[in-house]
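Counting begins at 1 with the first residue of the sequence.
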Amino acid sequence: ENADLHQARLTGANLREVKLPGANLDNADLAGAHLAAAVLTGATLRGANLRQANLWRARLQGADLTGADLTSANLERTEFDDRTVLPDGAHWSELTDMSRYTG
């Protein structure tokens, strides 16, 4: 909980089911990382590289993704809430089309 992993180089890492609530992952390189079912509630991922990351069923409620790169990321069944800050600074809602960030 509240781990400081800012600027960590975790490209392609297998972090399946990792529990990092409140973690600082600002500017971390998580390109291609396997984060399926990861618990990242309240984590900060500002400027993080999440290109092609697998976030299937990851929990991102209250996470801050400001400036994060989600290009080609798998967000299927990823859990967000109205406290989640998206890459453009907007807050997630049930009407948010997440493909605008992954496409």
Side-chain angles (χ1 to χ4, degrees):
E1 194 168 338
N2 299 317
D4 186 1
L5 297 168
H6 77 282
Q7 298 184 345
R9 302 287 173 235
L10 299 166
T11 305
N14 182 359
L15 299 170
R16 182 176 183 199
E17 298 180 11
V18 69
K19 292 173 179 53
L20 291 171
N24 177 356
L25 289 155
D26 291 347
N27 299 306
D29 189 352
L30 293 155
H34 185 65
L35 291 155
V39 177
L40 297 166
T41 52
T44 61
L45 294 121
R46 292 181 293 257
N49 180 1
L50 291 160
R51 287 175 151 284
Q52 299 181 339
N54 181 5
L55 291 157
W56 178 80
R57 287 189 50 212
R59 297 180 57 196
L60 290 169
Q61 296 97 332
D64 184 351
L65 297 162
T66 304
D69 185 350
L70 294 170
T71 305
S72 299
N74 177 5
L75 299 179
E76 184 179 343
R77 297 184 61 193
T78 302
E79 298 176 24
F80 304 100
D81 67 9
D82 60 0
R83 296 173 300 128
T84 306
V85 181
L86 301 174
D88 62 0
H91 285 263
W92 180 89
S93 81
E94 291 183 20
L95 302 176
T96 301
D97 178 7
M98 293 303 292
S99 68
R100 69 189 262 200
Y101 304 107
T102 60

Within the supplied structure, the quantity of interest is the number of heavy atoms (other residues, nucleotides, ligands) at a distance under 6.0 Å from Q52 CD; does it exceed 12?
no
What one should report as the nearest heavy-atom pair of A73 and T102 is O-CG2, 3.6 Å
Sub-4.5 Å side-chain heavy-atom contact between E17 and L35
no
R83 side chain reached by Q61 side chain, heavy atoms, under 4.5 Å
yes
Consider only side-chain heavy atoms of I, L, V, M, F, W and Y, link residues closer than 4.5 Å, and tell whether W56 and L20 are in one cluster.
no
How about D88 and Y101: does a side-chain donor come under 3.5 Å of a side-chain acceptor?
yes
Test side chain to side chain contact (heavy atoms under 4.5 Å, CB included) on T71 and L50 and set out the steps.
CA-CA 7 Å; T71 305; L50 291 160; over 6 Å; no
Search all heavy atoms of L25 against all heavy atoms of A48 and return the closest pair with its distance.
O-CB, 3.8 Å
Would V39 and V18 count as a side chain to side chain contact (heavy atoms under 4.5 Å, CB included) if you check the C-alpha gap in whole Å, the side-chain angles of each, and the deciding distance to 0.1 Å?
CA-CA 6 Å; V39 177; V18 69; over 6 Å; no
Using the rule that two of Ile, Leu, Val, Met, Phe, Trp, Tyr join whenever any of their side-chain heavy atoms come within less than 4.5 Å, decide whether W92 and L60 are in one cluster.
yes
Looking only at heavy atoms, what is the nearest atom pair of A68 and P87, with distance?
O-CB, 3.5 Å
CZ on R77 to CG on L55, rounded to 0.5 Å:
14.0 Å
Path from L70 to L86 over hydrophobic side-chain contacts below 4.5 Å
yes
Can a donor-acceptor pair be found, under 3.5 Å and without considering hydrogens, that links the side chain of D26 to the backbone of Q7?
no
Counting C-beta onward and ignoring hydrogens, is there a side-chain heavy-atom pair between D64 and L45 closer than 4.5 Å?
no
Rounded distance (nearest 0.5 Å) linking atom CD of E76 with atom CZ of R57
11.0 Å
For residues L75 and V85: do they belong to one hydrophobic cluster (side chain heavy atoms under 4.5 Å, members Ile, Leu, Val, Met, Phe, Trp, Tyr)?
no
Which atoms form the tightest heavy-atom contact between T96 and H91, and what is the distance?
OG1-O, 4.3 Å
All pairs passing side chain to side chain donor-acceptor pair (under 3.5 Å) where residues 27-41 contributes a residue, at least two apart
T11-D29, D29-N49, H34-N54
Show the nearest heavy-atom pair for residues L40 and A63, with the distance to one decimal.
O-CB, 3.9 Å
Kindly indicate whether the side chain of R59, heavy atoms from C-beta on, has any atom under 4.5 Å from the side chain of F80.
no
Under the 3.5 angstrom rule, does the side chain of D82 hit a backbone N or O of T84 as a donor-acceptor pair?
no
Spatial distance of atom OG1 (T66) from atom CZ (R46) [nearest 0.5 Å]:
7.0 Å
Here the pair of heavy atoms bringing A38 nearest to L15 is CB-O, 4.2 Å
For H6, which residues count as a side chain to side chain donor-acceptor pair (under 3.5 Å) partner, sequence neighbours excluded?
D4
